[in-house]
Amino acid sequence: MIDLSGKVALVTGAGAGIGREIARWLARAGCDVAVNDLDGDRAARGVAAVTAEGRRGLAVPADVRAPGAVESMVAAAIAGLGRLDVAVNNVGLMGDAPQSDFADLEAEDIRSVIDRNLVATILCCVAEAKALKEQAEGGVILNVSSGESTRPALRLAAYGAAKAGINHLTQTMATELGPDGIRVLSIAPGTTLTETVRPVFDDEHVARVVESLPLRRMTEPEELGRLAVFLASDLARCITGQFILADAGAWLSRTRPPISPGSAGA
Ligand SMILES: NC(=O)c1ccc[n+]([C@@H]2O[C@H](COP(=O)([O-])OP(=O)(O)OC[C@H]3O[C@@H](n4cnc5c(N)ncnc54)[C@H](O)[C@@H]3O)[C@@H](O)[C@H]2O)c1
C-alpha cells in the first residue's frame with residue numbers, strides 16, 4: 001500500500017544503526033536516498049544498502065553540526081538526485097553519550113551533547129525547510145528524538161533535554177510549515193541495540209530491560225525504518241507536529257531508574 005516511487009529522501013547519520021535502516025526502508029518503499037554521515041566509509045555502506053534495494057543512492061558526507069556543511073549537504077542531495085521530498089534528521093548521540101549524576105555534569109559534555117542532538121537537528125531543519133519551501137510541493141521532515149525526551153533521563157540529563165527540545169522544535173515547525181504542505185514529526189525510539197549501543201550494555205542489563213518492557217522485546221532498528229516509511233507516506237498525511245514513541249511500551253513505566261551505574265537509558 002505504500003509506494004514512495006519518484007520521491008527523494010535525505011537521511012543524516014545514515015551510515016550505520018537506525019539511520020541506515022531508515023535509508024534502507026525508504027529505498028525499499030521506492031525513494032532514491034541521499035545518505036549523509038560524518039564518516040565517508042559509513043556513508044558508502046549506507047549507499048550500498050540503498051542501491052541493494054534497486055534505488056539510486058548518493059553519499060553526501062558532512063558534519064551536520066557545521067552550518068555551511070549542512071547547506072552544502074542539502075544542495076548536493078538536490079543537485080544529485082533532482083529534488084527533495086523526505087528529510088530524516090537522525091544524527092544524535094546515544095550509545096556514546098557521556099553519563100553522569102546531574103551535579104557532576106561537565107560543561108564540555110553538555111555542549112557536545114546539545115550540539116550533536118539539538119543544534120545539528122535545528123541546522124538541518126532550517127536548510128531542509130528552506131529547500132522544501134523553494135520547491136513548493138510540500139514534503140515531510142522526520143526528526144529522531146528518544147523515549148528519554150518523555151520522562152526524566154537519569155544520568156543522561158543533557159541528552160534528555162536535547163531530545164525534548166527536538167520534540168518542541170517539531171511542534172513549532174509543524175505549525176509554521178503546515179500551510180506549505182510540509183509535515184514535521186519526531187520519531188522517539190526506545191532502547192535499540194545498534195552497533196554503538198550494544199557494547200554499552202552487558203547481557204544481564206539487556207535481560208532486565210527486556211523484562212521491564214510490556215512487549216518483552218526491544219525496538220529493532222529496522223522497525224524504525226518501517227515507521228519512517230509510514231510517516232513519510234500519504235497514509236500519515238493528517239499527522240503532523242507529534243512525537244511517535246516506538247519503544248515497545250517503555251513509556252508505560254515512565255520513570256525508570258538507571259539499572260546499573262554507567263548503563264544508558266534510551
Ligand atoms: N540506539 C538507541 O537505543 C536509541 C534510542 C533512542 C534514540 N536514539 C537516537 O537515534 C539516532 C541514531 O542512533 P544510533 O544508535 O543508530 O546511532 P549510531 O551511533 O549507531 O549511528 C549514528 C551515525 O551518525 C553518524 N554521525 C555522528 N555524528 C555525526 C555528525 N556530526 N554528522 C554526520 N554524521 C554523524 C555516525 O558516524 C553514525 O554512522 C540518534 O539520534 C539517537 O540519539 C537511539
Side-chain angles (χ1 to χ4, degrees), residues 10-24 34-47 49 59-70 72-74 77 88-99 111-124 127 142-151 153 156 158-167 170 186-201 205-206 209-210 213 218-225 227-228 243-248 250-251 256 263-266:
L10 163 66
V11 185
T12 71
I18 292 167
R20 190 166 63 207
E21 287 307 309
I22 290 176
R24 187 198 310 280
V35 173
N36 159 265
D37 208 282
L38 185 58
D39 178 312
D41 289 343
R42 286 186 178 198
R45 287 203 288 277
V47 168
V60 286
D63 182 341
V64 292
R65 293 167 297 188
V70 165
S72 304
M73 169 188 77
V74 172
V88 184
N89 300 311
N90 162 74
V91 164
L93 201 66
M94 172 49 218
D96 45 356
Q99 299 185 32
R111 279 189 205 287
S112 95
V113 170
I114 303 286
D115 236 23
R116 185 123 69 108
N117 288 283
L118 184 56
V119 177
T121 300
I122 300 177
L123 290 173
C124 289
L142 303 178
N143 295 321
V144 178
S145 171
S146 166
E148 295 294 350
S149 68
T150 66
R151 60 177 175 235
L156 289 165
Y159 177 78
K163 293 299 197 184
I166 289 175
N167 295 348
T170 294
S186 297
I187 293 176
T191 305
T192 308
L193 297 182
T194 57
E195 299 120 77
T196 338
V197 169
R198 184 65 188 90
V200 176
F201 300 126
H205 173 81
V206 170
V209 172
V210 167
L213 295 171
M218 288 187 186
T219 304
E220 301 283 344
E222 70 141 317
E223 291 168 332
L224 300 163
L227 176 62
F243 64 85
I244 314 294
L245 275 165
D247 67 350
W251 181 83
R256 182 162 45 78
S263 70

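Note that ligands are numbered from 1 as they come in the structure, with each ligand's atoms numbered from 1 the same way.
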Would you say [X] has any N or O atom under 3.5 Å from an N or O of ligand 1, going by distance alone?
X: N90; answer: yes
X: G15; answer: no
X: P189; answer: no
X: I18; answer: yes
X: R42; answer: yes

How does [X] reach ligand 1, if at all, at less than 4.0 Å between non-hydrogen atoms: by side chain, backbone, both, or neither?
X: R20; result: neither
X: T192; result: both
X: P221; result: neither

Mind checking the [atom1]-[atom2] spacing from [X] to [Y]? Nearest 0.5 Å is all I need.
X: L193; Y: E220; atom1: CG; atom2: CD; result: 7.5 Å
X: L245; Y: W251; atom1: CG; atom2: CH2; result: 8.0 Å
X: S146; Y: N117; atom1: OG; atom2: CG; result: 8.5 Å
X: T192; Y: R198; atom1: OG1; atom2: CZ; result: 13.0 Å
X: L227; Y: I187; atom1: CG; atom2: CD1; result: 4.5 Å
X: N89; Y: I122; atom1: CG; atom2: CD1; result: 11.0 Å

Interfacing atoms of ligand 1 (cut-off 4.0 Å, heavy-atom, [X]):
X: V197; value: 1 (N), 2 (C), 3 (O), 15 (O)
X: N36; value: 33 (C), 34 (N)
X: G190; value: 3 (O), 5 (C)
X: G17; value: 16 (O), 20 (O)
X: A62; value: 32 (N), 33 (C)
X: A16; value: 39 (O)
X: T191; value: 3 (O)

For the residue pair [X] and [Y], what are the closest heavy atoms and their distance?
X: P199; Y: T196; value: CD-O, 3.5 Å
X: P98; Y: L93; value: CD-CD2, 3.9 Å
X: A43; Y: V35; value: O-CG1, 3.6 Å

Closest candidate by heavy atom, reference atom 39 (O) of ligand 1, pool D37, V119, V11: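 When every heavy atom of D37, V119, V11 is considered, D37 comes closest to atom 39 (O) of ligand 1.
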Candidate with minimal heavy-atom separation from atom 28 (N) of ligand 1, of E21, R116, M218: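 Nearest option to atom 28 (N) of ligand 1, by heavy atoms: R116.
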Heavy atom of E148, distance to ligand 1 below 4.0 Å: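 No, that is not the case, since the closest heavy atom of the residue is not under 4.0 Å from the ligand.
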S145 touching ligand 1 at heavy-atom level, < 4.0 angstrom: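 Judged by the 4.0 Å heavy-atom criterion, S145 does count as contacting ligand 1.
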Side-chain donor-acceptor contact under 3.5 Å, T170 with S186: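 T170 vs S186: donor-acceptor pair found between side chains.
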Donor-acceptor side-chain pairing of T121 and N143 below 3.5 angstrom: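 No, because no side-chain N or O of T121 sits under 3.5 Å from a partner of the opposite role on N143.
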Name of the residue among D37, I22, V144, V91 meeting side-chain contact (heavy atoms from CB on, under 4.5 Å) with T12: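 The option that passes is V91.
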